[in-house]
Novice: 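Structure below; questions to follow.
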Amino acid sequence: MACLLAAMANIVIATHTPMTLLADAFGDDATFIHWVGTLLTGNYLGNYNAGTLAKGPGYSVYLSLNHLSGLPISLSNALLFLAALAAFSYMVARTYGAFVAGALVFVLGALHPVLPMERFLRDSIYPAQVLLILAGFLAAFYVFWQRPLRFGILAGLALGWFWLTREEGPWVIPALALLAIGGFGVAWRDGRSFRQPLYASLAIVGGLLFCNLAYLTANWTAYGSFVGNELKEKNFSRALSLLQSVRDGDQIPYVPISKSTRRIVYGVSPTFASLEKSLDPTDRPIADHGCRFYKQTCGDHAGGWFIWQFRSAAASVGAFQSPATASAFFGKMADEIEAACEADRLTCEPGLLSLMPQVHPEQVRMLPSKVLQAAGVVMDPTRMQYDQPSRGSLDLRDFALDVLNHPRIEPTEGPDKTLILRFWWTPKADEWPLFTVTDAAGMPAIQTLEYQGARGRPASGPVGLTITTRCDVTCILSIEPGPNQERLTVPLAEAFNAPRTFDTAYGRLLLNVKNTLPDGHGSKIIAKIRGMMAEAYVPLLWILVPLGVAAMAVAAPMSLIRRAHLEGALLATSLWGLVICRLALIALIEISAFPAMTKYYLGPAIVLIIPAALCSIFSLLEILRAHERFPLRRYLVRT
């Protein structure tokens, strides 16, 4: 019953929490939603450009299936997470032989106040994907080891979908490898053949390869390229790595290749010099997106933004006519820079990773504190409440809402806001006036006009009307009664969220101006409940997590020494490994590329830290209840 109530609460909160729609965020929300349109029309990912193969299609495939289901995406996100959490919780219960273990994992996970994620991003389904992978591995190696192929294939397909959703997939490999190796260890302990864990491993690899080969084949068919992610394509990766390895010119933290360094590289690489007008324009300022985060980067290309500006600059000179031309372009650039490095015309020092911007000593020294900062964010749900207005033109928002099956979204702000005018008109003359709305430039701005309770033009009133406009409060409502009569003009700002009455010789107007998308405002009760839950989870986490760490420190060595209860200890260790790897990855991004301490990037760690602590505690209890001399054994042993 507790699990059912927790699931229902999760669904209610998810469907009544408005999401932020950034319909013009090309590269993020807008790109994934655009791909849904091309996928559903059979045009795959659309015409090839610099962004087509830069991000995986896993999220867009999910959005496409959701569109076909007809469910609002907010509901589908909740159902996906609950299904993944239920599968994982069931495997936890079977691993420890205790229903209460799985029930606690499910209830505390379903009620976590950080969920749901309020953006239309890949990160909104990323925690659920991790839970599905874990459930599949536990089923294939431990719980249903007699059927390794069936559950191994499911785990492999989940891993393949996960791999095609975000680019940093390898962070899960150490923990998953531990679970797989543990499967062989448990088989050896039980005197079983290695055949079952071997079959499970092969099935997982097969499922992963199937997903990736299907994607590569689709890319080959559509674009003539057998490349999955162009950010990892050999020539692009080599060119970017060599550029970021140059140590001539100014070396500025969070600037991968400074303006003075670029000028030096322009002189040795004609291919890179062709990008100068885009990277260093003389007729406009540089798009210094990182300036508000890192003051020393103002006026230059910062951290993780440079890679996209680099690709955009290459697109401006025609490099992205096809994947082949892009690869040749970056290959030529890499050859020129590499030759200059070898001839000592450039001072080059390779970095740690090909796509990682150069990291200065002062940034490296920040790494431990950033890991602790990431852990602090995970432990404090009150710091992860999110509220941001939607954005984008009316056409883009309408398309996105159709694709997403009209979930609740936050209203918009700014000059592209769509307003709704609701008013009563009481005519004093036979003629019915003409209603128009014009923007600041005098252009018509009415989107729709509806009469309430009547079709066509009514002859008498009072009559309610609704006008939808595609402008902000600087627009003007005009009422024209007819020839040779004075026109009434009303700035919408005068009646914004406060009804105003205007009397004329030919009628009375009662006007009120509000935001459109009235469903965007979530329930105040739901918002308060989430806030209260966030405050309640802070002490819960600060009690549970230290207990889990202490339990893990005792349970892991005891299970190894006794060669007993390995499954539970391996599960708990793998969960802690995933949490630590995610925190370390986010800390690396923080010190090298861009601010990443958000619940979106930390999502997997946020979802897994409670199961990690609980599984550690249950691992220790499982060991203690088997110890004949333990004083509380009679309270732990099941009867």
Novice: Given 3.5 Å as the limit, does a donor-acceptor pair link the side chain of T17 with the main chain of I13, or not?
Specialist: yes

Novice: For the residue pair N77 and F120, establish whether any side-chain heavy-atom pair is separated by less than 4.5 Å.
Specialist: no

Novice: From S124 OG over to K599 NZ, what is the distance, rounded to the nearest 0.5 angstrom?
Specialist: 10.5 Å

Novice: Report yes if the side chains of C581 and V172 come closer than 4.5 Å at any heavy-atom pair, otherwise no.
Specialist: no

Novice: Under the salt bridge (Lys or Arg N to Asp or Glu O under 4.0 Å) rule, collect the residues that match up with R166, sequence neighbours excluded.
Specialist: D123, E168

Novice: Within a 6.0 Å radius of atom CZ on F293, are there more than 12 heavy atoms belonging to other residues, nucleotides or ligands?
Specialist: yes

Novice: To the nearest 0.5 Å, what is the distance between CD1 (I409) and CG (L21)?
Specialist: 4.5 Å

Novice: Whether the side chain of H16 engages the backbone of V12 through a donor-acceptor N/O pair (distance < 3.5 Å, no angle test) should be reported.
Specialist: yes

Novice: Out of T20, T598, D29, which one pairs with R119 under the side-chain hydrogen bond (donor to acceptor under 3.5 Å, both in side chains) rule?
Specialist: D29

Novice: On a heavy-atom basis, which atom in I153 and which in A203 lie closest, and how many Å separate them?
Specialist: N-CB, 3.6 Å

Novice: Between F618 and L104, does a side chain to side chain contact (heavy atoms under 4.5 Å, CB included) hold up when you go through it step by step?
Specialist: CA-CA 11 Å; F618 276 99; L104 276 174; 4.1 Å; yes

Novice: Tell me the closest heavy-atom pair linking T217 and F226, and the distance in Å.
Specialist: N-CE1, 4.0 Å

Novice: Can you name the nearest heavy-atom pair linking L164 to C211, along with the distance?
Specialist: CD1-O, 3.7 Å

Novice: Let's go through Y142 and F137 carefully: what are the C-alpha distance in whole Å and the side-chain angles of both, what is the deciding distance for ring-ring contact (aromatic ring centres under 6.0 Å, His included) to 0.1 Å, and is it a yes or a no?
Specialist: CA-CA 8 Å; Y142 304 109; F137 268 70; 9.4 Å; no

Novice: How close do A14 and S74 get, counting heavy atoms only, and between which atoms?
Specialist: O-CB, 3.7 Å

Novice: With side chain to side chain contact (heavy atoms under 4.5 Å, CB included) as the test, would you mind laying out the steps for Q196 and W145 before giving the verdict?
Specialist: CA-CA 6 Å; Q196 280 89 1; W145 57 267; 4.0 Å; yes

Novice: With rounding to the nearest 0.5 Å, note down the distance linking CG in L40 to CG in L68.
Specialist: 5.5 Å

Novice: With sequence neighbours excluded, tell me which residues meet ring-ring contact (aromatic ring centres under 6.0 Å, His included) with F88.
Specialist: none

Novice: Looking at R192, is its backbone amide N or carbonyl O close enough to the side chain of D190 to form a donor-acceptor pair, meaning the two atoms are under 3.5 Å apart?
Specialist: no

Novice: What's the verdict on salt bridge (Lys or Arg N to Asp or Glu O under 4.0 Å) for R311 and E233, showing C-alpha distance, side-chain angles and the deciding distance?
Specialist: CA-CA 13 Å; R311 290 178 68 84; E233 192 269 333; over 6 Å; no

Novice: Looking at every heavy atom in both Y96 and G568, which two are closest together, and how far apart are they?
Specialist: OH-O, 2.9 Å

Novice: In terms of relative ring orientation, are F141 and F184 parallel, tilted or perpendicular, with 30° and 60° separating the classes?
Specialist: tilted

Novice: Is there a side chain to side chain contact (heavy atoms under 4.5 Å, CB included) between L149 and L202? Walk through the geometry before answering.
Specialist: CA-CA 8 Å; L149 289 177; L202 292 175; over 6 Å; no

Novice: Does the side chain to side chain contact (heavy atoms under 4.5 Å, CB included) test come out yes or no for I73 and Y62, once each step is laid out?
Specialist: CA-CA 10 Å; I73 190 63; Y62 165 74; 3.7 Å; yes

Novice: CG of L602 to OH of Y126: how many Å apart, nearest 0.5 Å?
Specialist: 12.5 Å

Novice: Using modelled atom types and a 3.5 Å cut-off, is there a donor and acceptor pairing between side-chain atoms of K232 and backbone atoms of E167?
Specialist: yes

Novice: Are the side chains of R150 and Y199 in touch, meaning some heavy atoms are under 4.5 Å apart?
Specialist: no

Novice: Without swapping roles, check the side chain of H67 against the backbone of V403 for a donor-acceptor pair under 3.5 Å.
Specialist: yes

Novice: Using side-chain heavy atoms (C-beta onward) and a distance below 4.5 Å, is S390 in contact with E410?
Specialist: yes

Novice: L108 versus L614: any side-chain heavy-atom pair under 4.5 Å?
Specialist: yes

Novice: Between the main-chain N or O of G376 and the side-chain N or O of D380, is there a donor-acceptor pair closer than 3.5 Å?
Specialist: no

Novice: S559 side chain to A556 main-chain N or O, any donor-acceptor pair under 3.5 Å?
Specialist: yes

Novice: Hey, could you give me the SG/CD distance between C615 and E622, rounded to the nearest 0.5 Å?
Specialist: 10.5 Å

Novice: Can you find a pair of side-chain heavy atoms, one from L176 and one from S574, that are under 4.5 Å apart?
Specialist: no

Novice: Determine, for E567 against R94, whether the closest basic-nitrogen to carboxylate-oxygen distance falls under 4.0 angstrom.
Specialist: no

Novice: Is there side-chain contact between W163 and Y215, with heavy atoms separated by less than 4.5 Å?
Specialist: no

Novice: When rounded to the nearest 0.5 angstrom, what is the spacing between CG in N10 and CG in L82?
Specialist: 4.0 Å

Novice: Please check if the side chain of R122 supplies one atom and the backbone of T165 the other of a donor-acceptor pair under 3.5 Å.
Specialist: yes

Novice: Are any of the side-chain heavy atoms of V607 and F81 separated by less than 4.5 Å?
Specialist: yes

Novice: Ignoring hydrogens and angles, tell me if any N or O in the side chain of T31 forms a donor-acceptor pair with the backbone of F26 under 3.5 Å.
Specialist: no

Novice: Work out which heavy atom in M91 is nearest to a heavy atom in T95; give both atom names and the distance.
Specialist: O-OG1, 2.7 Å

Novice: Spell out, as yes or no, whether a donor-acceptor pair under 3.5 Å connects the side chain of N66 to the backbone of L71.
Specialist: yes

